[in-house]
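Single-structure report; data block below.
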Protein chains: 2
Amino acid sequence: MTARPRDHATLRLTADLAILTVRDGQLQVLLVQRGNEPYRGRWALPGGFVREDEDPDAAAARELAEETGLDGTALHLEQVAVFGTPGRDPRGRVVTVAYLAIAPDLPLPVAGSDASGACWQPVDQALGTLAFDHNDILRTCLERARQALEYTTLATAFCADAFTIGELRTVYEVVWGMPVDTRNFHRKVTKTAGFLVPLDAKRTSEVGRPAALYRRGPATTLYPPMLRSTVDYDEPSASST
Amino acid sequence: MTARPRDHATLRLTADLAILTVRDGQLQVLLVQRGNEPYRGRWALPGGFVREDEDPDAAAARELAEETGLDGTALHLEQVAVFGTPGRDPRGRVVTVAYLAIAPDLPLPVAGSDASGACWQPVDQALGTLAFDHNDILRTCLERARQALEYTTLATAFCADAFTIGELRTVYEVVWGMPVDTRNFHRKVTKTAGFLVPLDAKRTSEVGRPAALYRRGPATTLYPPMLRSTVDYDEPSASST
DNA sequence: ACAAAAGTGTTGTAATTACACCCATGT
DNA sequence: ACATGGGTGTAATTACAACACTTTTGT
């Protein structure tokens, strides 16, 4: 309990975001290009320092709003994990809180970003190329997102205010990377109370029968869950095994 | 990207632990009594500062070993959430990483603790009385534990090396706070591949038929999950709604 | 008419629930 | 003998996977 000198090293805290969306039938993540050393010119997850009188969650919401140009509170944002291995940032002792954010397919090419460049990239393409330990962070956030689709109504966060069941199904297929039976999916989501609220409108696309439009319902959890055929749920563990 | 003065406030990081166990048919948590201001004399979750060249996960494992007197790597330990609201600690800017740890019913009354006192307390009794924001932290960890019992084999972490199915069932009943059908539970856990490994021994208690002994199997996930009748799964969200 | 996507029906199977019932031990 | 907890059998119910099939639009 007595504070010995090395017992309370001061450090800096950042909030890094994995902002995911579905664009062009792919799962994409918002990246910024680093303008300074280290990793100058490399792509990284957007993020920034937590300010002196700021809650980490608030810092994440602020970053999210800055990067997307949208009101961050309108988007899904959740804490995922802390990454604090010494040496993970060459500039010194920096611990980061990783956040998962979900955005609908934004029309804008991301304005107002404070980095030298920002763009959406397919996660498959981004994984393995990122600066710092951001590949690990992205992988962890991806796993969280895949899991959340099973047990929660998170998938609707990928959709605009009004969406069709086909669009929602595409979210599942893209995030999980596997096909989902259209017929069973339709029944499942329409019969889960509170998942979808039907609207009195239809959307007619280029081809095919017009689809009914829905908006998000009040439910946040899915019971029974929407299960993937191949199950590989793993509880995040901090044990040093 | 340019580092303005207030953009990288330095702060101190702690790791706080909710160490849970089942004792006397109750879910209990390990608490320490604070020896210094603030909250002197109040009970709090064990924890401590993350050292200068230490990973937060390693700090948690170290604290766990100190408090329980056991090798921390033998116990289940997982990151749960970050609590960093400014003002949560009157001593200054302190952000904490909350960890959930699970221990079997330890025979020792916790030796070697560095706080002025340490003891197991029923969580029902502890909730609402703790120092700092530890009530919130404990509640969050509890919810995580309840959830993990559904989808993972975490319950075995509450048991000693060898245990009976009845003991395992008690864990579920105590953590969930609801009765579990003995017959169906037995079938469920014995038919889930990799959950339990039968031992060639039986334990005969004071009364009743001797029960077969088992040890943990290699499985970490439960499929299909062990579902509670009343479902209230809620994904932790950091959105400032 | 045809292609394409939306949406409904049906059937076999897996899993859960809610029981009744038997087994092995100490007193 | 009987109480107590361990363990098995069975039937009704629910949910799901895998299909065939119909509907509604644009070309």
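Sequence lines set the chain letters: A, B, ... in the order given, protein chains first and strands last, and positions in each chain run from 1.
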B:Leu168 atom CG is separated from D:dG5 atom C1', nearest whole Å, by 16 Å
5' to 3', nucleotides 22-27 of chain C under a 4.0 Å protein heavy-atom cut-off (B base, S sugar-phosphate only, - none) gives -BBBS-
note: B:Phe185, atom CZ; D:dG5, atom P; distance rounded to Å ~ 17 Å
To the nearest 0.5 Å, atom CD of B:Glu67 lies from atom CG of B:Leu106 at 12.0 Å
Is there, by distance only and without an angle test, a donor paired with an acceptor across the side chain of A:Arg187 and the base of C:dG9 below 3.5 Å? yes
- Message: Using side-chain heavy atoms (C-beta onward) and a distance below 4.5 Å, is A:Val29 in contact with A:Leu142?
- Response: no
Of B:Asp181 and B:Pro224, the one whose nearest nucleotide on DNA chain C sits closer to the 5' end is B:Pro224
**Message:** For a quick test of reading the model: is some side-chain N or O of B:Lys188 closer than 4.0 Å to OP1 or OP2 of C:dA15?
**Reply:** no
Quick one: are B:Trp176 and B:Glu150 in side-chain contact, heavy atoms under 4.5 Å? yes
Closest of D:dG7, D:dA15, D:dT10 to the B:Ala211 side chain is D:dG7
OP1 or OP2 of D:dG6 versus the side-chain N and O atoms of B:Arg169: is any pair under 4.0 Å? yes
Does any donor atom in the side chain of A:Thr21 or A:Asp105 lie under 3.5 Å from an acceptor atom in the other side chain? no
Contact check, side chains of B:Thr192 and B:Thr153, non-hydrogen atoms, under 4.5 Å
no
When rounded to the nearest 0.5 Å, the distance separating CG of B:Leu75 from CG of B:Leu20 is 11.5 Å
Ranking C:dC19, C:dT10, D:dG7 by distance to the side chain of B:His186, first place goes to D:dG7
Of the candidates D:dC16, D:dC19, C:dC21, the side chain of B:Arg183 sits closest to C:dC21
